[in-house]
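Report on the structure given below.
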Amino acid sequence: MKLNTSVMQKLFFLTLISSVLFSCQKQSSEPSQITNPKRPNIVWIVCEDMSPEHLESYGGTGGKTPHLNALAAESLQYQNAFSTAGVCAPSRAALITGAYQSSIGAMHMRTTGMSANALDAYPPGFKSYSVVLPEGMRTYPEYLRLNGYYTSNNSKEDYQFQSPVTMWNESGNKAHWRNRKDPDQPFFSIFNFTITHESQVWAREGKDSLLVDPKKVTVPPVYPDDSLTRRTIARFITNVMRMDQQVGEVIAQLKEDGLYENTIIFFYSDHGDGMPYFKRELYDRGLKVPLLVKAPWIKGGTKTEELVSFVDFGPTVLSLAGIPIPETMQGQAFLGPQKAEPRKYVYAARDRMDSEYDRVRAVSDGRFKYIRNYMPEKPNYQNIRYRLQNPLMGHLLQLNEKGKLNENQARWFAQNKPEEELYDTQSDPWEFTNLAGNPHNAEKLAELRKAHEDWIAKYGDKGALNEIEMVKAMWNGAENPPVTAEAEVSFSEGKVTLSCPTPSALIGWRKSSGDAWKVYTGPFEATAGDSLYVNTHRIGYEAAEIAKKLD
């Protein structure tokens with residue numbers, strides 16, 4: 001259903017809208033500090049590698065999720081929220097920038113480090129890199145900081161680039177809204193739980209007792225129904241139940257601090273299940289995520305079919321905080337005073353996974369899914385060495401070799417794939433029946449094919465480029481990343497002015513090496529003899545840092 005903005009929501013945002021209008025009058029080519037004591041507190045609770053159906057509010061697969069059940073009862077539940085990739089780092093790049101990872105060169109998994117399991121399988125000359133963001137592009141946490149927010153991230157980043165010091169007030173396993181010095185300062189805090197990550201299926205086996213009976217779990221049709229499959233699924237569901245307990249701890253802390261009622265809470269996963277033939281795929285089981293949003297104006301226990309993409313999360317947070325959404329963000333707000341009309345399509349991309357290349361693109365209207373395979377000569381299955389540690393992966397490979405998988409299960413291992421795929425995810429939720437050749441679906445096929453091609457025309461697609469050559473172009477033709485220029489410091493009449501010759505460089509400063517970095521927004525007061533530390537960093541370049549005494 002389409003959820004109309006309530007009177008309560010309009011009243012809640014009245015002061016924010018007036019602040020936005022006032023701040024827009026003051027905008028210049030550089031962001032300026034905006035003061036507004038009415039900013040709402042926002043908390044993101046994020047888990048990893050989990051599809052929606054494991055939550056009881058989405059149907060359940062055999063485990064109990066009481067804390068998330070309680071949150072869902074007070075939240076708006078999105079039935080059609082999608083990541084932009086079936087794997088974490090590219091999706092997190094889209095989240096942090098509000099831009100499609102394929103448009104900014106952040107689509108490969110991953111860019112900042114090579115898989116230790118496959119070092120010999122990367123192309124000759126390959127090296128790790130930080131993605132160079134387009135000029136003028138900032139991440140949403142920095143906009144929040146520029147507007148008076150305390151931003152904390154606990155603790156995973158994985159954005160495909162080294163984070164600048166200006167992004168977070170703190171990022172680490174102790175980061176928390178409770179660490180801000182001013183209790184009245186609005187905060188944006190992320191808590192990221194890794195217990196549901198793919199790796200924990202094998203890492204926790206034998207070390208943590210199961211919380212669910214393998215005989216009672218739901219086995220998806222992509223797997224054979226046998227004891228090993230059920231045991232592996234039971235381990236995954238147990239990890240989900242452990243994660244639910246962690247969510248409960250964060251909510252309990254909000255309540256202890258008297259913040260729960262008026263804090264906006266998002267709960268979501270960074271992509272679909274961390275299981276074979278789920279993770280890394282562009283089927284709904286790899287892309288669809290749970291999304292619960294609790295806010296003072298939202299009627300709890302409601303559901304919406306509105307399409308939401310990860311590129312929309314950053315714009316939505318800025319909208320909720322009363323901050324103008326920058327043009328560099330390609331997504332749109334789905335809540336707040338800058339809420340856009342519901343989107344018609346969501347888009348996704350798959351590229352290199354560890355050492356294995358396969359360029360695939362997808363577009364969905366919420367029911368019909370179109371997939372374009374740019375490398376149809378390759379199988380859907382990629383020999384991800386890291387994934388071979390999952391006992392179910394080895395089991396599937398053995399059964400396939402012996403011809404013991406059914407047609408739908410064995411299809412993953414076919415030696416090639418069609419150039420185009422079309423699925424009706426309403427009647428065929430596992431996307432087994434390709435409708436691309438069905439004349440009854442020719443009109444929908446043409447519509448979604450055009451939507452895909454229009455998306456590429458509008459935003460570009462760096463996945464079409466050779467990765468090594470793409471990186472070299474980011475580095476201005478050099479073999480190594482450029483270095484951001486050092487800050488230029490001017491001190492006059494008790495005021496410090498900072499600048500950096502490198503376009504789009506972010507500037508952070510502090511007066512003590514033990515202080516948190518501040519975002520430079522304009523001249524600030526200082527005294528002769530003060531120490532000054534300045535960090536300059538264009539994202540994707542090497543950072544530069546200087547320390548000096550003011551005189």
Side-chain angles (χ1 to χ4, degrees), residues 47-65 79-83 86-87 196-202 205 210-241 243 269-290 348 350 362 364 367 369 371 379-382 384 387-400 404-414 417 421 423-434:
C47 71
E48 300 194 31
D49 298 20
M50 192 193 77
S51 297
E53 60 267 16
H54 295 296
L55 304 188
E56 291 177 283
S57 66
Y58 281 93
T61 55
K64 300 297 181 183
T65 53
Q79 303 295 95
N80 285 301
F82 293 86
S83 64
V87 72
T196 52
H197 186 266
E198 167 186 29
S199 61
Q200 300 308 296
V201 170
W202 59 85
E205 183 63 15
L210 294 179
L211 298 177
V212 62
D213 185 348
K215 295 179 181 178
K216 297 181 179 179
V217 303
T218 301
V219 178
V222 293
Y223 299 146
D225 189 347
D226 56 31
S227 59
L228 190 149
T229 299
R230 285 184 169 276
R231 173 78 190 191
T232 307
I233 292 173
R235 164 54 52 201
F236 189 89
I237 293 174
T238 292
N239 294 347
V240 170
M241 294 171 69
M243 178 274 296
S269 171
D270 64 352
H271 52 76
D273 270 4
M275 295 284 280
Y277 209 6
F278 281 68
K279 186 173 180 176
R280 304 176 180 87
E281 305 297 325
L282 296 192
Y283 302 116
D284 277 8
R285 57 185 177 269
L287 299 175
K288 186 174 279 192
V289 299
R350 162 167 139 168
S364 171
R367 176 177 176 179
K369 162 82 66 62
I371 294 176
N380 273 312
Y381 171 74
Q382 293 178 300
I384 310 294
R387 182 171 55 195
L388 294 175
Q389 297 173 90
N390 187 321
L392 181 55
M393 187 68 256
H395 185 52
L396 293 174
L397 287 168
Q398 290 174 2
L399 292 176
N400 180 63
K404 293 186 177 181
L405 296 178
N406 67 33
E407 180 182 359
N408 288 328
Q409 295 159 359
R411 150 179 207 265
W412 192 27
F413 302 103
K417 50 189 183 289
E421 301 173 56
Y423 300 98
D424 181 345
T425 63
Q426 181 174 307
S427 62
D428 178 26
W430 292 97
E431 296 167 82
F432 287 150
T433 304
N434 184 6

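- Listed for the K369 side chain is a donor-acceptor partner under 3.5 Å among the backbone atoms of L282.
- Taking 4.5 Å as the limit, every side-chain heavy atom of Y283 sits out of range of all side-chain heavy atoms of T425.
- The residues E421 and R411 are annotated as salt-bridged, a charged nitrogen and a carboxylate oxygen being separated by less than 4.0 angstrom.
- Atom CG of N434 sits about 4.5 Å away from atom OH of Y423, to the nearest 0.5 Å.
- In terms of modelled atom types and a separation under 3.5 Å, the side chain of T229 and the main chain of P224 share a donor-acceptor contact.
- Minimum heavy-atom separation, E56 to T65: OE1-N, 2.9 Å.
- Contact of the L396 side chain with the Q409 side chain is not registered, since no non-hydrogen atoms from C-beta on lie closer than 4.5 Å.
- Residues R285 and E431 are not paired through a salt bridge, judged by the lack of any N-O separation under 4.0 Å between the basic side chain and the carboxylate.
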Under 3.5 Å, side-chain donor or acceptor atoms of residues 271-278 against the rest of the protein: list the pairs with distances, not counting sequence neighbours.
residue	atom	partner	partner atom	Å
H271	NE2	D49	OD1	3.0
H271	NE2	C88	N	3.4
D273	OD1	S51	N	2.7
D273	OD1	S51	OG	3.4
D273	OD1	H54	NE2	3.1
D273	OD2	H54	NE2	2.8

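- Here the CG atom belonging to N390 is positioned 10.5 Å from the OG atom belonging to S199, to the nearest 0.5 angstrom.
- The minimum heavy-atom distance between L287 and A348, with the atom names listed, is CD1-CB, 3.6 Å.
- L228 approaches P391 most closely through the heavy-atom pair CD2-O, 3.9 Å.
- Remark: side-chain polar atoms of D428 are paired, donor with acceptor, to backbone N or O of F432 under 3.5 angstrom.
- For the residue pair N380 and W412, the shortest heavy atom distance occurs at CB-CD1, 3.6 Å.
- Considering K279, R387, R235 as possible partners of E198, the one that fulfils the salt bridge (charged side-chain N to carboxylate O under 4.0 Å, His left out) test is K279.
- Across every non-hydrogen atom of G62 and V212, the tightest pair is O-CG2, 3.4 Å.
- For P379, there are no side chain to side chain contact (heavy atoms under 4.5 Å, CB included) partners, not counting sequence neighbours.
- Remark: side-chain polar atoms of R231 are not paired, donor with acceptor, to backbone N or O of P214 under 3.5 angstrom.
- Between V217 and T61, the closest side-chain pair of non-hydrogen atoms is not below 4.5 Å.
- Proximity of T232 to Y223: side-chain heavy atoms (C-beta onward) are nowhere separated by under 4.5 Å.
- Going from atom NZ of K215 over to atom OG of S227 covers 10.5 Å, rounded to the nearest 0.5 Å.
- Screening V201, T196, I233, L210 for a side-chain contact (heavy atoms from CB on, under 4.5 Å) involving T238 leaves a single residue, L210.
- Counting only heavy atoms from C-beta outward, the side chains of Q382 and E281 never approach each other to under 4.5 Å.
- Q398 is linked by a side chain to side chain donor-acceptor pair (under 3.5 Å) to nothing, counting only residues two or more places apart in sequence or in another chain.
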Set out, in order, the CA-CA distance, both residues' side-chain angles and the distance that settles side-chain contact (heavy atoms from CB on, under 4.5 Å) for M50 and M243, then state yes or no. CA-CA 11 Å; M50 192 193 77; M243 178 274 296; 3.7 Å; yes
Any chance you could lay out the salt bridge (Lys or Arg N to Asp or Glu O under 4.0 Å) test for K288 and E53, step after step, and finish with the verdict? CA-CA 10 Å; K288 186 174 279 192; E53 60 267 16; over 6 Å; no
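- Between L388 and L397 there is a side-chain heavy-atom pair separated by less than 4.5 Å.
- In this structure, V289 and F82 have side chains that are not in contact, with every pair of non-hydrogen atoms separated by 4.5 Å or more.
- Nearest heavy-atom pair, P52 versus P290, reported as atom, atom and distance to 0.1 Å: CG-N, 3.5 Å.
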